Amino acid sequence: MANAIPSRSENYSEWYNELVKRADLAENSAVRGCMVIKPYGFSIWEKMQRALDDMFKETGHMNAYFPLFIPKSFLSKEASHVEGFAKECAVVTHYRLKNAPDGSGVIVDPDAKLEEELIVRPTSETVIWSTYKNWIQSYRDLPLLINQWANVVRWEMRTRLFLRTTEFLWQEGHTAHSTSDEAMAETRQMLEVYARFAEEWAAIPVIKGYKTANERFAGAEETLCIEAMMQDGKALQAGTSHYLGQNFAKAFDVKFQSKAGTLEYVWGTSWGVSTRLMGALVMAHSDDSGLVLPPKLAPIQVVIVPIYRSEEQLAQITEKVKEISAGLRKKGISVKFDDSDANKPGWKFAEYELRGVPVRLAMGARDLENGTVEVARRDTKEKMTVQLEGIVDRIETLLEEIQQNIYDKALAFRTANTHYVDDYAEFKQVLDEKGGFILAHWDGTPETEERIKEETKATIRCIPYNAPEEEGKCILTGRPSSRRVLFARAY
RNA sequence: CGGGAUGUAGCGUAGUCCGGUCAUCGCGCCUGGUUUGGGACCAGGAGGUCGCAAGUUCGAAUCUUGCCAUCCCGACCA
């Protein structure tokens, strides 16, 4: 192992950083805090986009595109929204450059100052609601179900590839409804979509729940989220869906005439997932040998490595491989045949493990003779030699098995690292010694939540949907509580 | 922005205290050959304003000053 990446146990965050770079997902760019998503990484993101986009369409949404720039005044219209977003934004103040008088390059032309500054969108509620005002007059115009795939900018202090970058890619859904109930139903529905995507595609089990008032999206009345556990026990918010009430409708004066003839403000939602999901994918499944990708999101699902001593042998192998590839492709399975002679088989094995290719086939002289092929699965690293007959069906089944196994493994890990705690001292001890999720009682006040956060760095990730009614006492104050909430240290 | 550290080839590094054949080594890259069932080997080769700018000196990667950048720890966050 000449090029081993750091191990998870030694230094988890270094393992993550190295893995993202070495597996060719992304790298830091020349621009502070901004990353370059490389082709291999981007093809995973494309698969995520495709899966999510299909689900959005199935639930009746359409894509549209709104401006990158937002007039500064828009951001002042929704009071709590400003509070949450006005701070870390990129601001365009000028529209022209000119040559520096001393020839040292270009400078901003001071005469080209904008009348009103433009904000590079940190999220698009404001531009979109200002547009919706023109689109909505009647209850017949509702519901309005729009999504946009876009980039946004948030001027974060410290960045990490995929997890927190200054510019990131995401999708943001923005819907408008004639009733509160319908908006709330939409909010829930989209959280379900996210949960289904996380579990069925990314193979990441998630906990669905409500954010506390402290953690709520700026401008939302209710924020729903899915929370995932990473292999270091920390939580990662994988998606959010917000019930906006009439906040943005009021801020942008978006009203509709009801069937009864009354004029009412519309009800809104917004929901989003970002390239942060890429980080979640890496941290949830991968191991010390590299990425472990769920087959449904893997850019290459099957790689075939020939092992040969002569050109004739390679030709024979290639012929067999063509049959297998054709069969796999017919089933929609992506295959790569790596017959480059730049590297030896051993090198290729390690390389494709690093890149997380779910299934590897190796074929050599031995196999030609016996009519077999070596099948290796990335998730368990098991290898077996199997007959060529029926190989395509076998691989198809194997891919499904791997998808399921990766999910099961993540779920087992989460279960093993979720603790029920009833005492504050134990709470701190579990956090420091074991990490993971903690289900504990909380008195429901922001003050208590804040103090626990300050003292332990743990936050309330969510109030789980399915939290059973249970009498208990707040771990900090001892005041009564009727259900447990989910605490964890988070990304 | 506060605290700490680091900038030497595409990447990772030695040398910096003590100025003088010191620009070192590994990976990668190029050429040719032998190899190929778990990260091959041999031979040859290309590649560096030592972060930038001043200064001290006969002489600076090394000393001084000032910039710039990056990383780690905080405050902020999808």
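Keep in mind that the numbers below use all heavy atoms, side chains included, and drop hydrogens, waters and symmetry copies. In this text, all values refer to a predicted model and were calculated from it rather than measured experimentally. Numbered from 1 within each chain, the chains take letters A, B, ... in sequence-line order.
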Practice item. Give the rounded distance in Å between these two atoms: CD of A:Glu14 and P of B:C71. Key: 14 Å
Would you be so kind as to tabulate the donor-acceptor pairs closer than 3.5 Å made by side chains of residues 295-302 of chain A, with sequence neighbours excluded?
{"residue": "A:Gln301", "atom": "OE1", "partner": "A:Ser334", "partner atom": "N", "Å": "2.9"}
{"residue": "A:Gln301", "atom": "OE1", "partner": "A:Ser334", "partner atom": "OG", "Å": "3.4"}
{"residue": "A:Gln301", "atom": "NE2", "partner": "A:Pro295", "partner atom": "O", "Å": "3.0"}

Check your understanding: B:A75 C1' sits how many Å from A:Glu450 CD, rounded?
Key -> 12 Å
Exercise for review: Could you say whether A:Glu167 or A:Asn28 is positioned toward the 5' end of RNA chain B, judged by the nucleotide with the nearest heavy atom to each?
Suggested key: A:Asn28
Exercise for review: Remember a base hit wins even if backbone is also touched, and classify A:Lys457 as base, sugar-phosphate or nothing at under 4.0 Å, heavy atoms.
Suggested key: sugar-phosphate
Exercise for review: Would you mind reading off the distance between A:Glu351 atom CD and B:C27 atom C1', rounded to a whole angstrom?
Suggested key: 14 Å
Exercise for review: Starting at atom CD1 of A:Ile307, determine the distance to atom C1' of B:A40, rounded to an integer number of angstrom.
Suggested key: 14 Å
Check your understanding: Taking the same atom, P, in B:U24 and in B:G2, what whole-Å distance lies between them?
Key -> 40 Å
Practice item. Respond yes when some side-chain nitrogen or oxygen of A:Lys344 is under 4.0 Å from OP1 or OP2 of B:G37, and no when none is. Key: yes
Revision key, fill the gap. So CG of A:Leu52 and CG of A:Asn147: to nearest 0.5 Å the spacing works out to 9.0 Å
Practice item. With P as the reference atom in both, quote the distance from B:G7 to B:C52 in angstrom, rounded to an integer. Key: 13 Å
Study note, to complete from the structure: Considering only heavy side-chain atoms of A:Arg22, the closest of B:A78, B:G39, B:U36 is B:G39
Exercise for review: Find the distance between CG (A:Leu224) and CD (A:Gln189) and round it off to the nearest 0.5 Å.
Suggested key: 12.5 Å
Check your understanding: What about A:Lys381: does its side chain form a donor-acceptor pair under 3.5 Å with the base of B:G38?
Key -> no
Point to revise | Out of B:G38, B:U36, B:A78, whichever nucleotide has its closest atom nearest the side chain of A:Phe349 | key: B:G38
Would you list the atom pairs, donor with acceptor, under 3.5 Å between side chains in residues 230-237 of chain A and any protein atom, with sequence neighbours excluded?
{"residue": "A:Gln231", "atom": "OE1", "partner": "A:Arg8", "partner atom": "NH1", "Å": "2.5"}
{"residue": "A:Gln231", "atom": "NE2", "partner": "A:Met283", "partner atom": "O", "Å": "3.1"}
{"residue": "A:Gln231", "atom": "NE2", "partner": "A:Ser286", "partner atom": "O", "Å": "2.7"}
{"residue": "A:Asp232", "atom": "OD1", "partner": "A:Lys234", "partner atom": "N", "Å": "3.1"}
{"residue": "A:Asp232", "atom": "OD2", "partner": "A:Tyr491", "partner atom": "OH", "Å": "2.6"}
{"residue": "A:Gln237", "atom": "OE1", "partner": "A:Lys211", "partner atom": "NZ", "Å": "3.0"}

Review point. Starting at CD of A:Glu454 and ending at C1' of B:G74, how long is that distance when rounded to a whole Å?
Key: 13 Å
Check your understanding: Could you give the CG-to-P distance, from A:Asp341 to B:A40, as a whole number of Å?
Key -> 14 Å
Revision key, fill the gap. For RNA chain B, the expected dot-bracket line (Watson-Crick or G-U under 3.5 Å, [ ] crossing, | inter-strand) is (((((((..(((.......[....))).((((((.....)))))).....(((((..]....))))))))))))....
Point to revise | Near-ring test A:Trp271/A:Phe56, centroid separation under 6.0 angstrom | key: yes
Review point. Quantified in whole Å, what is the P atom distance between nucleotide B:A43 and nucleotide B:U56?
Key: 49 Å
Point to revise | Rounded distance (Å) that lies between atom P of B:A40 and atom CZ of A:Arg309 | key: 15 Å
Point to revise | Proximal nucleotide (of B:A78, B:G39, B:U36) relative to the A:Trp347 side chain | key: B:G39
Check your understanding: Taking atom P in both B:C42 and B:A5, what distance in whole Å separates the two?
Key -> 42 Å
Check your understanding: Between the side-chain atoms of A:Arg154 and the base atoms of B:C77, is any donor-acceptor pair under 3.5 Å?
Key -> no
Revision key, fill the gap. Between the CG atom in A:Asn343 and the NZ atom in A:Lys348, the distance rounded to the nearest 0.5 Å is 7.0 Å
Exercise for review: Could you measure between the two C1' atoms, the one in B:G4 and the one in B:U62, and give it in whole Å?
Suggested key: 23 Å
Review point. Rounded to the nearest Å, what distance is computed from the CD atom of residue A:Glu215 to the P atom of nucleotide B:A78?
Key: 8 Å
Review point. Counting any heavy atom closer than 4.0 Å, what does A:Arg360 reach on the DNA or RNA strands: base, sugar-phosphate only, or nothing?
Key: base
Review point. Any salt bridge (charged side-chain N to carboxylate O under 4.0 Å, His left out) pairs touching residues 159-172 of chain A, not counting sequence neighbours?
Key: none
**Study point:** Base of B:A78 and ring of A:Trp170 stacked, centres under 5.5 Å, planes under 30°
**Key:** no
Practice item. List in chain and number order the residues that pass side-chain contact (heavy atoms from CB on, under 4.5 Å) with A:Lys208, two or more places apart in sequence or in another chain; answer none if no residue qualifies. Key: A:Leu191, A:Glu192, A:Ala195, A:Ile226, A:Tyr465
Check your understanding: Where along residues 362-379 of chain A does a heavy atom come under 4.0 Å from RNA chain B, residue by residue in number order?
Key -> A:Ala362, A:Gly364, A:Ala365, A:Arg366, A:Asp367, A:Glu374
Review point. Base, sugar-phosphate alone, or nothing: which one does A:Thr223 contact when heavy atoms must sit under 4.0 Å apart?
Key: nothing
**Study point:** Test side-chain contact (heavy atoms from CB on, under 4.5 Å) applied to A:Ile37 and A:Leu169, A:Leu161, A:Ile44, A:Thr165, the passing residue
**Key:** A:Leu169
Exercise for review: Would you please indicate yes or no on a ring centroid separation below 6.0 angstrom for A:Phe248 and A:Tyr132?
Suggested key: no
Exercise for review: Please figure out whether A:Tyr308 or A:Ala490 has its closest RNA chain B nucleotide nearer the 5' end.
Suggested key: A:Tyr308
Study note, to complete from the structure: Rounded to the nearest 0.5 Å, the CG atom of A:Asp379 sits from the CG atom of A:Asp287 at a distance of 9.5 Å
Review point. B:C11 and B:C29: how far apart are their C1' atoms, nearest whole angstrom?
Key: 12 Å
Review point. When rounded to the nearest Å, what value does the distance between P atoms of B:U64 and B:C27 take?
Key: 35 Å
**Study point:** C1' spacing across the pair B:U57 / B:G10, given as an integer number of angstrom
**Key:** 35 Å
Exercise for review: Please work out whether the ring planes of A:Phe197 and A:Trp201 are parallel, tilted or perpendicular, with thresholds of 30° and 60°.
Suggested key: parallel
